[in-house]
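Notes follow the structure.
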Amino acid sequence: MTPPRPPQPALGTLAFYSEFDDFKVWKAALQAQLPMLDIVHASEIRDPADIHYVLAWKPPEGFFDPMRNLRLIINLGAGVDALTGRRDLPDGVPITRLSDPRMAQMMAGYVLFAVLRHARDIPYFEQAQRQGKWAYRHPRSPEEIRVSVLGLGELGAQAAGELQRQGFAVSGWSRTPRDIAGVRCHAGPDTLETVLSQADILVVMLPLTPETRGLLNRQKLLKLPHGAALINVARGALIDQAAMTELLQSGHIGSATLDVFEHEPLPASDPLWLLDNVLITPHLASVAIPSSAAAQIAQNIIRASRGETPAHQVTPARGY
Ligand code: NDP
């Protein structure tokens, strides 16, 4: 005879999965908000049918298959491409993303750093320094520098606003029309080539979806003015990486700051590592911050436990 099950805690059980985030820190932050929630690491799940909520970053394929009583899937980040389009997602279970002002602030800080780096010709001075050269180049004033931001969502809109406050001539591009003070906003595929052709610095902040995968192919990248700078903080697969590398080698793209790549970690043999007009960072432009994100996760768990609609839901068919 099987022993009786212990009584379930009031809110149910949340399973956590991430190879990058600290389970203990997240558990403490969530428990402070929801003492009645049972929180387990994915490696400690005894019966998947006992799991009601999942907080996860890039769980392996098949992860959700045995979870028959799920009420909510919370993506431990903003980009949801690792969750949408999977075959193991249970029907009708809402997926939410983090929508954390501190995450947006951290991203805006990275983008501002990268744009200023190109706008102030820092890659040129770094190269000159390595050759022991005092290579004066007169600074350009920010309003002369056209910065285009592709993607005006929670992160893109904040970054565009930050750049506009620095005095850059900022344009933005989104799927549906947006209105951001001081930013020249464009929408839809027909306007993309115009936006690209007017970008001294291009900042890529789009989600990876069936529509945006490979969007910046060679033909689109060639629309950039000769010598333009490219910043990608979104997803590597938005850009044809081979074409981008060749255009960086030829100088059509003058310099790049790249946080994301087609394959991560970027293989040691990748030619991008050897280009001195490229700055590579290992996918960390912004991260989820437990102390600030825990409250909204808790709110959504409470809503889901009552059968209410959670906030910050992803639309799987749209891909973001
Ligand atoms: P959102 O989902 O809030 O916004 C997405 C934006 O892209 C919206 O403006 C949307 O248009 C636009 N968009 C989507 N599809 C298209 C399309 N086909 N054509 C034109 N525009 C399109 O995303 P976030 O701002 O929160 O995040 C952007 C991305 O940043 C994430 O998806 C993730 O991949 C990446 N990221 C990277 C991190 C890092 O550390 N490197 C950290 C966090 C996120 P509309 O406004 O009309 O909906």
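Quick caveat, the model's predicted, so the values are computed rather than measured. Counting starts at 1 for both ligands and their atoms, following the listed order.
Counting the atoms of ligand 1 from 1 in the order shown, those under 4.0 Å from a heavy atom of G151 are 6 (C), 7 (O), 9 (O). Listed by number with element, the atoms of ligand 1 under 4.0 angstrom from any heavy atom of A285 are 39 (C), 40 (O), 41 (N).
In terms of protein heavy-atom proximity, atom 31 (C) of ligand 1 is nearest to G79 CA, 3.7 Å. Looking only at protein heavy atoms, the nearest one to atom 48 (O) of ligand 1 is Y320 OH, 2.7 Å. Counting only heavy atoms of the protein, atom 37 (C) of ligand 1 lies nearest to V233 O, 3.0 Å. In terms of protein heavy-atom proximity, atom 38 (C) of ligand 1 is nearest to M107 CE, 3.4 Å. Among all non-hydrogen protein atoms, the one lying nearest atom 5 (C) of ligand 1 is P207 CD, 3.5 Å.
Considering backbone and side-chain N/O of A78, none are found under 3.5 Å from N/O of ligand 1. Inclusion of L152 in the set of residues having an N or O under 3.5 Å from an N or O of ligand 1 is warranted. At least one N or O atom of T176, backbone or side chain, sits closer than 3.5 Å to an N or O atom of ligand 1. Between D81 and ligand 1, not a single N/O pair is under 3.5 Å apart. Of the polar atoms of R175, at least one N or O is found under 3.5 Å from an N or O of ligand 1, judged by distance alone.
S292 and D100 share a donor-acceptor pair across their side chains, judged by distance under 3.5 Å alone. For the residue pair R117 / T257, a side-chain donor-acceptor distance below 3.5 Å is found, with atom types taken as modelled. Between the side chains of T191 and W173, at least one donor-acceptor pair of N or O atoms lies under 3.5 Å.
A pairwise comparison of heavy atoms in G182 and Q164 identifies O-CG, 3.3 Å as the closest pair. When all heavy atoms are compared, the tightest approach of L192 to K220 is CD2-CE, 3.7 Å.
Closest heavy-atom approach to atom 24 (P) of ligand 1 within the set L155, N232, T212, L258: this belongs to L155. When S99, G153, S286 are ranked by how near their heavy atoms come to atom 42 (C) of ligand 1, first place goes to S286. The heavy atom nearest to atom 23 (O) of ligand 1, considering only R97, R178, H283, is found in R97.
Figure legend: R137 and Y124 shown as a cation-pi pair, the cationic atom lying under 6.0 angstrom from the six-membered ring centre and within 45 degrees of its axis.
A distance-only check finds a donor-acceptor pair linking the side chain of S286 to the backbone of M103 [under 3.5 Å]. Counting only distance, with no hydrogens or angles, the side chain of N69 and the backbone of A49 share a donor-acceptor pair below 3.5 Å.
The only option from T96, T309, L55 that meets the side-chain contact (heavy atoms from CB on, under 4.5 Å) definition with N300 turns out to be T96. For the side-chain contact (heavy atoms from CB on, under 4.5 Å) criterion with L202, the lone passing option out of N232, L216, I231, V149 is L216.
Residue D259 places a heavy atom under 4.0 Å from ligand 1. Residue-ligand proximity: W173 is placed with a non-hydrogen atom under 4.0 Å from ligand 1. Note on ligand 1: G156 sits in its first shell, one or more heavy atoms being nearer than 4.0 Å. The closest approach between L206 and ligand 1 falls below 4.0 Å for a heavy atom of the residue.
Residue-level proximity to ligand 1 for R235 is carried by the side chain, the only part with a heavy atom below 4.0 angstrom. Counting heavy atoms closer than 4.0 Å to ligand 1, residue M205 contributes backbone atoms (N, CA, C, O) but none from C-beta onward. Of the heavy atoms in E211, only side-chain atoms (C-beta onward) come closer than 4.0 Å to ligand 1.
By the 30° and 60° cut-offs, the orientation of the rings of H41 relative to Y17 is tilted. Between F113 and Y110, the angle of the ring planes goes over 60°, which puts this pair in the perpendicular group of the 30/60° scheme.
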Assess the residue pair L238 and V260 against the criterion (side-chain contact (heavy atoms from CB on, under 4.5 Å)); give the C-alpha distance rounded to whole Å, side-chain angles, the decisive distance to 0.1 Å, and a yes or no. CA-CA 10 Å; L238 294 162; V260 288; over 6 Å; no
